[in-house]
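Residue numbers start from 1 in every chain, and the chains themselves are labelled A, B, ... in the order their sequence lines are given, proteins ahead of strands.
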2 protein chains.
Amino acid sequence: MSDIKRFEDQQAAFLPGFICDLTQCCVSTQWGLILSEATKPAQPTYAYQQIAGEIEAQILRGDLKPGDQLPGEAQLASTFGVTRSTLREGLRQLESDGLLHRPSPRRMEVAVPQADQLTSRSGRAMALMKVTFRELWQVTMVTEPLAARLATQHGTEDEINALQATHGALVAAEGQMARTIALDEEYHTQIAEIGRNRVLGLAREPIALLLFRGFEQIAPFAPRFYKRQIEAHSNVIAAIRDRDVDRAEKWARMHIEDFWRGAQIAGLEDKIALVPGSLSSSNPTGEARK
Amino acid sequence: MSDIKRFEDQQAAFLPGFICDLTQCCVSTQWGLILSEATKPAQPTYAYQQIAGEIEAQILRGDLKPGDQLPGEAQLASTFGVTRSTLREGLRQLESDGLLHRPSPRRMEVAVPQADQLTSRSGRAMALMKVTFRELWQVTMVTEPLAARLATQHGTEDEINALQATHGALVAAEGQMARTIALDEEYHTQIAEIGRNRVLGLAREPIALLLFRGFEQIAPFAPRFYKRQIEAHSNVIAAIRDRDVDRAEKWARMHIEDFWRGAQIAGLEDKIALVPGSLSSSNPTGEARK
DNA sequence: AGTGTTTTATTGTCGGACATTAAGCGGTTT
DNA sequence: AAACCGCTTAATGTCCGACAATAAAACACT
């Protein structure tokens, strides 16, 4: 009796028209889940992928806005016409895509992808690609000066003071390798954030993270290295304060150039940058990042 | 009778020591699945997350190398001491992380994260962040000249010819908007690849993709625009051929600068760059990307 | 050997089950 | 009345067992 129906469902689950069929069941849900007909998959598409794709489309399209809470798994499952197990696989995918956030197990909401996430993902990818310090440095040579330039244009008094504070902490952390690296990263990230260019922020973060981790391997070889870095930092901050765009950019460039000299002394040039122990621990000040 | 055992298992699944407990069962598998004790999660960690984390760690650590095939789900599940359903959720997560690739449903193998993947992810993130053309342009102003510079240093005869071919196709595609954009992207990507800097390639791709999509909105406003772009392309190629590093960089910069002028005329400056219809269709030549 | 056919093992999906626990609810306390 | 607390409820994480579809392997056949 119910065997026939179930068989048809099985069939539907393997047919391309699956989504369309489901449309019938979905138009009347509480958040107006309209399944998009735009998606035209070439490969065999499994139910869990379709579900993930569908929800993703709705988020991208704006039907579901960041912060919106999703209904329970049971309801979602019945809405899409699949079992909880299947739906769950789709959710896990979206979860690791960073499109869904999960403040508590009982609450699953739409989230804007955070920079951190992309950062760690890119960082991991670069580590797996075994990129060299040279590659990292070449790119950093253009990103950091740009960041400094933008920061000079947009920095508010408060922001510059905060930057100065970080720099102060860095100076105070002399000798503590881990803390030094964390604060150095923080300093550069802060400058990028002051520049108010999210694209630059997104692009440079994973790169800088990997590159500056090399500090650890450079320090033993170059005694003066640390001092010169500090000096350059100061000069960049001063230039930002003076609103001297070119000077800020110039010092930033010199700063990175100098880093490269250190790397050369340490023989890192074509060495592979290692993925740091925990990529996510880039929160030295302990402040909660909104 | 078996109730007691099951209860203990349940407990274990919720306890932090889960991984360690499992270690006992795993040391003797065929690929030497040693569960790492390094992972120290603070939040409540669910089994499927631990599994995903564990496999990820093994890949990152190099225990599992790209191309390695994973055992079947059943075996994996029993290895980790969870059900297939649970294991599957973990796999889905890794799958969308791009760490696992799936050439056929019967074959799940370790994969190096492909640039495309990261690209589309970053592109999506930027779209959700509603980044403006200005932000994209500011970064592109430094990435493309760098790409041109590196390409000049590393380009082989063949590569330059291939680049020239793409350019030729672009010229021939006059009037066909979609194809023009695709080939323009291809041209820029090719230059970046010639430069042999994977970091730059990773960083610039999603940005360039979004920025150059603006061409569509600019074209109607600036009749000469298309021609000037073509000219700049030619000049960059010529400079690369002549191994004139500075000239290549200069023309690349002028090219992007000019693009901005077009964007200004079209009034795009602080408009939000839209996520293109399908981010993954950046394969104009139809060649399979290894 | 090359090719077509049958087995087999694995996958995608299903439905139901249960312990655990976050969240909502009503009652109590100050 | 507002704040606090235990209880109920509902939803989650996990498990089990099952079945159709199918890719890969084993086999048979010419």
Side-chain angles (χ1 to χ4, degrees), chain A residues 1-16 18-19 21-22 41 43-53 69-96 100-109, chain B residues 1-16 18-19 21-22 41 43-53 69-96 100-109:
Chain A
M1 8 189 90
S2 77
D3 283 321
I4 293 168
K5 184 152 152 273
R6 198 203 300 167
F7 179 71
E8 283 178 354
D9 287 345
Q10 290 271 8
Q11 286 291 55
F14 282 87
L15 253 44
F18 178 47
I19 285 187
D21 294 335
L22 275 189
Q43 304 297 329
T45 319
Y46 302 114
Y48 69 88
Q49 288 179 339
Q50 296 194 4
I51 290 175
Q69 178 171 4
L70 268 68
E73 298 182 349
Q75 169 155 3
L76 272 177
S78 82
T79 299
F80 282 104
V82 297
T83 336
R84 227 164 52 101
S85 321
T86 304
L87 176 105
R88 253 160 157 276
E89 294 185 34
L91 290 185
R92 292 296 90 83
Q93 206 159 328
L94 291 169
E95 200 181 336
S96 89
L100 296 181
H101 180 235
R102 186 181 277 262
S104 114
R106 299 308 168 89
R107 188 179 171 81
M108 171 94 84
E109 57 187 35
Chain B
M1 9 191 87
S2 77
D3 282 321
I4 293 168
K5 184 153 152 275
R6 197 200 303 163
F7 179 71
E8 284 178 354
D9 288 345
Q10 289 272 7
Q11 286 290 57
F14 282 87
L15 253 44
F18 178 47
I19 284 187
D21 294 334
L22 277 188
Q43 305 297 328
T45 319
Y46 303 113
Y48 68 86
Q49 288 178 338
Q50 296 195 3
I51 289 176
Q69 178 172 3
L70 266 70
E73 299 182 348
Q75 170 156 0
L76 273 177
S78 82
T79 298
F80 282 103
V82 298
T83 332
R84 250 182 78 216
S85 322
T86 304
L87 176 102
R88 250 158 160 276
E89 294 185 33
L91 289 185
R92 292 297 90 84
Q93 207 158 323
L94 291 169
E95 201 180 335
S96 90
L100 295 181
H101 180 237
R102 183 180 278 260
S104 116
R106 299 307 169 87
R107 188 178 170 82
M108 170 93 82
E109 56 187 36

Report task. Locate the shortest heavy-atom distance separating A:Met108 from A:Leu91; write the atom from each residue and the value. Result -> CE-CD1, 3.7 Å
Query raised in the report: Which distance, rounded to the nearest 0.5 Å, do you find between the CD of B:Glu73 and the OG of B:Ser85?
Result: 9.5 Å
Report task. For the residue pair A:Phe80 and A:Gln75, establish whether any side-chain heavy-atom pair is separated by less than 4.5 Å. Result -> no
Query raised in the report: Does the pair A:Arg92 and A:Glu89 meet the rule for a salt bridge (charged side-chain N to carboxylate O under 4.0 Å, His left out), with working shown?
Result: CA-CA 5 Å; A:Arg92 292 296 90 83; A:Glu89 294 185 34; over 6 Å; no
Query raised in the report: Atom CG of B:Leu87 and atom CG of B:Leu76: how far apart are they, to the nearest 0.5 Å?
Result: 5.5 Å
Query raised in the report: What distance separates A:Gln93 CD from A:Ile51 CD1, expressed to the nearest 0.5 Å?
Result: 10.5 Å
Query - Any donor-acceptor N/O pair under 3.5 Å between D:dC16 base and B:Ser85 side chain - result: yes
Report summary line: Between B:Ala52 and B:Leu94 the two heavy atoms that sit nearest each other are O-CD2, 3.5 Å
Query - Length of the CD-P vector between B:Glu73 and C:dT10, whole Å - result: 10 Å
Query raised in the report: Closer than 4.0 Å, any side-chain N/O of B:Arg102 to the OP1 or OP2 of D:dA23?
Result: no
Query raised in the report: Mapping B:Ala74 and A:Thr86 to their closest nucleotides on DNA chain C, which lands nearer the 5' end?
Result: B:Ala74
Report summary line: Considering only heavy side-chain atoms of B:Val82, the closest of D:dG13, D:dA23, D:dC15 is D:dC15
Report summary line: Between CE of A:Met108 and P of C:dA22 the distance, given in whole Å, is 16 Å
Query raised in the report: For the side chain of B:Pro105, counting heavy atoms from C-beta on, which of C:dA23, C:dT11, D:dT12 is nearest?
Result: C:dT11
**Report entry** Nearest-Å distance for atom pair CG/C1', residues B:Leu70 and C:dT10
**Finding:** 14 Å
Requested in this report: With the side chain of A:Thr83 defined as its heavy atoms from C-beta on, choose the nearest nucleotide among C:dG15, D:dA24, C:dA22.
Outcome: C:dG15
Query raised in the report: Rounded to the Å, how far apart are B:Arg84 CZ and C:dT11 C1'?
Result: 6 Å
Requested in this report: Quick one: list whatever passes side chain to side chain donor-acceptor pair (under 3.5 Å) with A:Ser96, sequence neighbours left out.
Outcome: B:Ser96, B:Asp97
Report task. Give me the residues of residues 87-95 of chain B where at least one heavy atom lies under 4.0 Å from an atom of DNA chain C, by number, or none. Result -> B:Arg88
Set out, line by line, the N/O atom pairs under 3.5 Å between protein and nucleotides 6-9 of chain C.
none

Report task. Would you check if B:Arg102 and B:Arg107 make a side-chain contact, meaning some heavy-atom pair closer than 4.5 Å? Result -> no
